[in-house]
*Asks:* 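Quick one: structure below, then a few questions.
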Amino acid sequence: MFSATLQNSKKLQQICRQLHSAALKVAVSPQYEESVTSTFASFITDIRPEHLSDVVRHRSKRMILDNIGVGLVGTTTHVFDIILQYCQDLHSSGYGKAAVSSVYGRKDLMLSPTLAAYVNGVAVHSMDFDDTWHPATHPSGAVVPSILALSQLLSKEKRISGEDLLTAYNVGIEVQGRLMCFSHEAKNIPKKFHPPSVVGTMGSAAAAAKLLSLNREQCTHALAIAASLAGAPMANAATLSKPLHIGNATRLGLEAALLASKGMEANALILDYVPGCSGFSAFYGDYQPKSLSPAGEDYEFLLEKQDIAFKSFPAHLGMHWIADASVSVRNRLINHYGSFDPSAIQSIVLRVPVSKYINRPYPESEHEARHSFQFNACTALLDGQVNVGSFSEDNLHRRDLHRLLKKVVLEHPEDNVANFDKMYGEVVIVLKNGDVKIGRTDTFYGHWRNPLSRESLLKKFRSNALHVLGEGQVEDVIEIVENIESVSDVSQLPLSLQ
C-alpha cells in the first residue's frame, strides 16, 4: 500500500511539473494557445478609462463612497482598535518603514501601504455594513483600501488620477464577479469559506496590478500569487475575526501585485481548470472557467448588468429581509390594535432560507447578533427599526428582547432558497387571542432590484462619516468621489479621510 501511495504521489508531482512547464510557456510564448488566465491578464493590462460606460461609472462611484463611509464608522469599533495597535507595533519594530499611506479617521497617522490597507480593510467590515453583490460577496472592501493606499505610494513618483483609480477599482470588481460566475455554488449564501477572502484577494491583486501598470506576464503572476494567499472559513463568521477576512483580502492582494512587480512568479494557469492539479478550482467544486472577452468599448462589465446592494443597518444582508418583514407586521398590528404589545404575542414564526451561520436563537455578542435572524426580527418588532445602535451591549441583553426571542420558531419553505437574488423574509405573529398577522418582504430598499436613491446613499454616508470627520471634510469627500474623473492627484482622497 505504501509503495502504491508513493507511486501515486510521484505521478501527481510529475503532472504538476508538466503543468508548471506548460504554464511558463503560456506566459512567455505568444504562439501558445491562449488560456483563461492569460485572458484575465490581458483584460487587466488593456482596459482603459474610456471603456467604462456611464452606468458603470455611476454605480462604482456610489460603491466607493459607501465603502469609505462604512470604513470611517468602522474606526470606532473594538476590532479596529486591536488591529490598529497591532499594525502600529509592527511599524514601531521596523516592519514596513515606508509610512506613506493614511489610516482612516486617525489624523496624521501613516503606515506602510500594506498595513494601511489591512487596518482600513478591517474597519470596512468591522460592522458588516459594506456592500453585497450577486453572486454573494462584499466586493468593494477588498479593493478600495488597497488602491487608496497604493495611490499614496505611487504618488511619490507619479500622479495617479481619479480616472486611473476608477479604472483600477472596476478591474478589481470585475475580476471578482467573473470568477464567481464560473461556479453555481457561488450564487448561494456560502457554507465553506467567506467569499471576499477568496475572490476579494484576487480582485485586490488585479486592481493593484492595474494601478502599478504591470505587464501581462506580471498580471498573470499577481493573480496566481494571490490565489496562494486566499481563503478564510465560514466558521469565523459572527466572530471578532470576520473583519480580518476583508483586511487580509485587500492587504494580501496588494502584496501579491507588489511581489509580481519585483519578479515573483507562480503558476500561469492558475485560473484554468486542470484535472489532477487544482488552481483556483480548489475553492469551487463546480468550477467551469471561461475566457474573458477582450477589453474595449464593446466589453460589458458585470456591474452594467448586476447592480449592488447597500445596507441600511450594519448586519448580514439576509437580516434586511427579515427586519423589513418584521416592521411590516408590526405596523399591521398597530393599525389594527392601536399599539404594539409584545406581551400579547403567543409565537413568532420566521420563514427564512436554511443557513446555519445566520440561525442564532440567542446571540451572545454584537457579531453574533449581526448574524441572527431571530435577533434582528425581534429588534425590529420592538423598536420599529434596526440601526447602528441596535447592536449595543444594552440592547443585546434587554429583558423584552429575550422574552420575544423565546417565542421565535424558524420555518424553511422549499421555495425560500439561500440566494440573495431569490430569497424572501416572512414573519408570522400569532397572538394569544388567536389572531394572526403576516408581514413579508421580497425586495428590501437598498437591494439591487430597489436601489437606494442618491439622497438615501448620501444620508447613510454622512451619518457614518460624521462619527470621525467634520462636516466640511464630509462634504469635501462627497465632492471628490462624485467628481473623481476630474481629480488629477487622487492620493489627496485618502488624506482627506483622516
Side-chain angles (χ1 to χ4, degrees), residues 77-78 126-129 189 191 234-240 242 311-337 339-413 416 418 423-441 444:
T77 62
H78 178 51
S126 62
M127 300 170 72
D128 219 310
F129 212 177
I189 296 176
K191 298 178 181 178
M234 283 307 301
N236 274 333
T239 73
L240 205 60
K242 189 188 180 196
K311 299 176 179 180
S312 58
F313 60 89
H316 184 276
L317 193 71
M319 304 305 107
H320 289 67
W321 277 274
I322 209 67
D324 270 21
S326 298
V327 172
S328 174
V329 72
R330 182 183 193 271
N331 290 337
R332 289 175 184 269
L333 288 168
I334 292 173
N335 290 337
H336 187 82
Y337 292 102
S339 64
F340 177 75
D341 180 8
S343 65
I345 296 175
Q346 179 69 36
S347 64
I348 304 168
V349 180
L350 307 183
R351 292 172 179 158
V352 294
V354 175
S355 185
K356 185 175 179 61
Y357 81 101
I358 46 180
N359 176 4
R360 299 179 184 273
Y362 301 102
E364 297 180 358
S365 70
E366 64 166 290
H367 298 283
E368 290 187 359
R370 298 183 199 279
H371 297 76
S372 167
F373 280 128
Q374 296 88 335
F375 176 87
N376 285 273
C378 292
T379 296
L381 286 171
L382 285 173
D383 304 332
Q385 64 176 339
V386 182
N387 56 34
V388 172
S390 298
F391 304 93
S392 68
E393 283 293 312
D394 288 343
N395 282 330
L396 192 63
H397 300 295
R398 53 184 167 160
R399 290 182 180 179
D400 285 349
L401 176 71
H402 282 263
R403 289 191 187 103
L404 279 189
L405 287 173
K406 292 177 181 178
K407 299 178 181 183
V408 175
V409 176
L410 262 59
E411 291 182 356
H412 306 295
N416 199 354
M423 69 172 284
Y424 61 86
E426 192 167 88
V427 179
V428 181
I429 302 293
V430 180
L431 300 179
K432 292 176 181 178
N433 65 6
D435 196 3
V436 176
K437 298 294 182 185
I438 300 175
R440 173 169 168 144
T441 296
F444 64 86

*Asks:* Taking salt bridge (charged side-chain N to carboxylate O under 4.0 Å, His left out) as the definition, give me every residue that meets it alongside Glu411, ordered by chain and number, with sequence neighbours left out.
*Replies:*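 With sequence neighbours excluded, Glu411 shows a salt bridge (charged side-chain N to carboxylate O under 4.0 Å, His left out) to Arg351, given in chain and number order.
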*Asks:* Which side chain to side chain donor-acceptor pair (under 3.5 Å) pairs, counting each pair once, include a residue from residues 316-332, with sequence neighbours left out?
*Replies:*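 Matches after skipping sequence neighbours: His316-Tyr357.
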*Asks:* My understanding is that only residues two or more places apart in sequence, or in another chain, count here; which of them pass side chain to side chain donor-acceptor pair (under 3.5 Å) with Glu368?
*Replies:*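 Result, side chain to side chain donor-acceptor pair (under 3.5 Å) vs Glu368: none returned.
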*Asks:* Can you list everything that forms a ring-ring contact (aromatic ring centres under 6.0 Å, His included) with Phe373? Sequence neighbours excluded, please.
*Replies:*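 ring-ring contact (aromatic ring centres under 6.0 Å, His included) list for Phe373, sorted by chain: empty.
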*Asks:* List the residues meeting side chain to side chain donor-acceptor pair (under 3.5 Å) with Thr379, not counting sequence neighbours, and say none if there are none.
*Replies:* none
*Asks:* Please identify each residue that fulfils salt bridge (charged side-chain N to carboxylate O under 4.0 Å, His left out) with Asp400, with sequence neighbours left out.
*Replies:* Arg403
*Asks:* Once salt bridge (charged side-chain N to carboxylate O under 4.0 Å, His left out) is applied, do any residues pair with Arg360, and if so which ones, sequence neighbours excluded?
*Replies:* none
*Asks:* Less than 4.5 Å apart, side chain to side chain, heavy atoms only: is that true for Leu317 and Phe444?
*Replies:* yes
*Asks:* Return the set of residues passing side chain to side chain donor-acceptor pair (under 3.5 Å) with Asp383 (not counting sequence neighbours), or none when no residue passes.
*Replies:* Arg398
*Asks:* Using side chain to side chain contact (heavy atoms under 4.5 Å, CB included) as the criterion, list what pairs up with Val408, not counting sequence neighbours.
*Replies:*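 Result, side chain to side chain contact (heavy atoms under 4.5 Å, CB included) vs Val408: Ile348, Leu350, Gln374, Cys378, Leu410.
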*Asks:* Donor-acceptor pair, Asn376 side chain versus Ala369 backbone, under 3.5 Å?
*Replies:*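 Answer holds: yes.
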*Asks:* List the residues meeting side chain to side chain donor-acceptor pair (under 3.5 Å) with Asn433, not counting sequence neighbours, and say none if there are none.
*Replies:*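 Once residues adjacent in sequence are excluded, the partners of Asn433 under the side chain to side chain donor-acceptor pair (under 3.5 Å) criterion are Tyr337.
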*Asks:* State the CG-OG distance between Asn359 and Ser372, to the nearest 0.5 angstrom.
*Replies:*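 It comes to 7.5 Å.
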*Asks:* Name the one of Glu366, Lys311, His367 that satisfies side-chain contact (heavy atoms from CB on, under 4.5 Å) with Asp128?
*Replies:* Lys311
*Asks:* Please round to the nearest 0.5 Å and tell me the distance separating atom CD1 of Ile322 and atom OH of Tyr424.
*Replies:*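 Nearest 0.5 Å value for the CD1-OH distance: 10.0 Å.
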*Asks:* As an exercise, state the distance from CG of Leu381 to CZ of Phe340, rounded to the nearest 0.5 Å.
*Replies:*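 With rounding to 0.5 Å, CG (Leu381) is 4.5 Å from CZ (Phe340).
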*Asks:* I need the Ser347 OG to Lys406 NZ distance, nearest 0.5 Å.
*Replies:* 16.0 Å
*Asks:* Could you work out, with side chain to side chain contact (heavy atoms under 4.5 Å, CB included) as the rule, every residue matching Val409, not counting sequence neighbours?
*Replies:* none
*Asks:* Kindly write out the residues that satisfy side chain to side chain contact (heavy atoms under 4.5 Å, CB included) with Ser392, not counting sequence neighbours, or none if the list is empty.
*Replies:*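 Once residues adjacent in sequence are excluded, the partners of Ser392 under the side chain to side chain contact (heavy atoms under 4.5 Å, CB included) criterion are Asp394, Asn395.
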*Asks:* Less than 4.5 Å apart, any side-chain heavy atom of Phe313 and any of Ser390?
*Replies:* no
*Asks:* With the side chain counted from C-beta on, respond yes when Leu431 and Gln346 share a heavy-atom pair under 4.5 Å apart, and no when they do not.
*Replies:* no
*Asks:* Measuring only between side-chain heavy atoms, which start at C-beta, is Leu382 closer than 4.5 Å to Pro342?
*Replies:*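 Answer yes - side chains close enough.
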*Asks:* Quick one: are Phe375 and Arg370 in side-chain contact, heavy atoms under 4.5 Å?
*Replies:* no
*Asks:* Does His397 have more than 12 heavy atoms from other residues, nucleotides or ligands lying within 6.0 Å of its NE2?
*Replies:* yes
*Asks:* Do side-chain atoms of Lys432 reach the backbone of Ser343 as a donor and acceptor pair under 3.5 angstrom?
*Replies:* yes
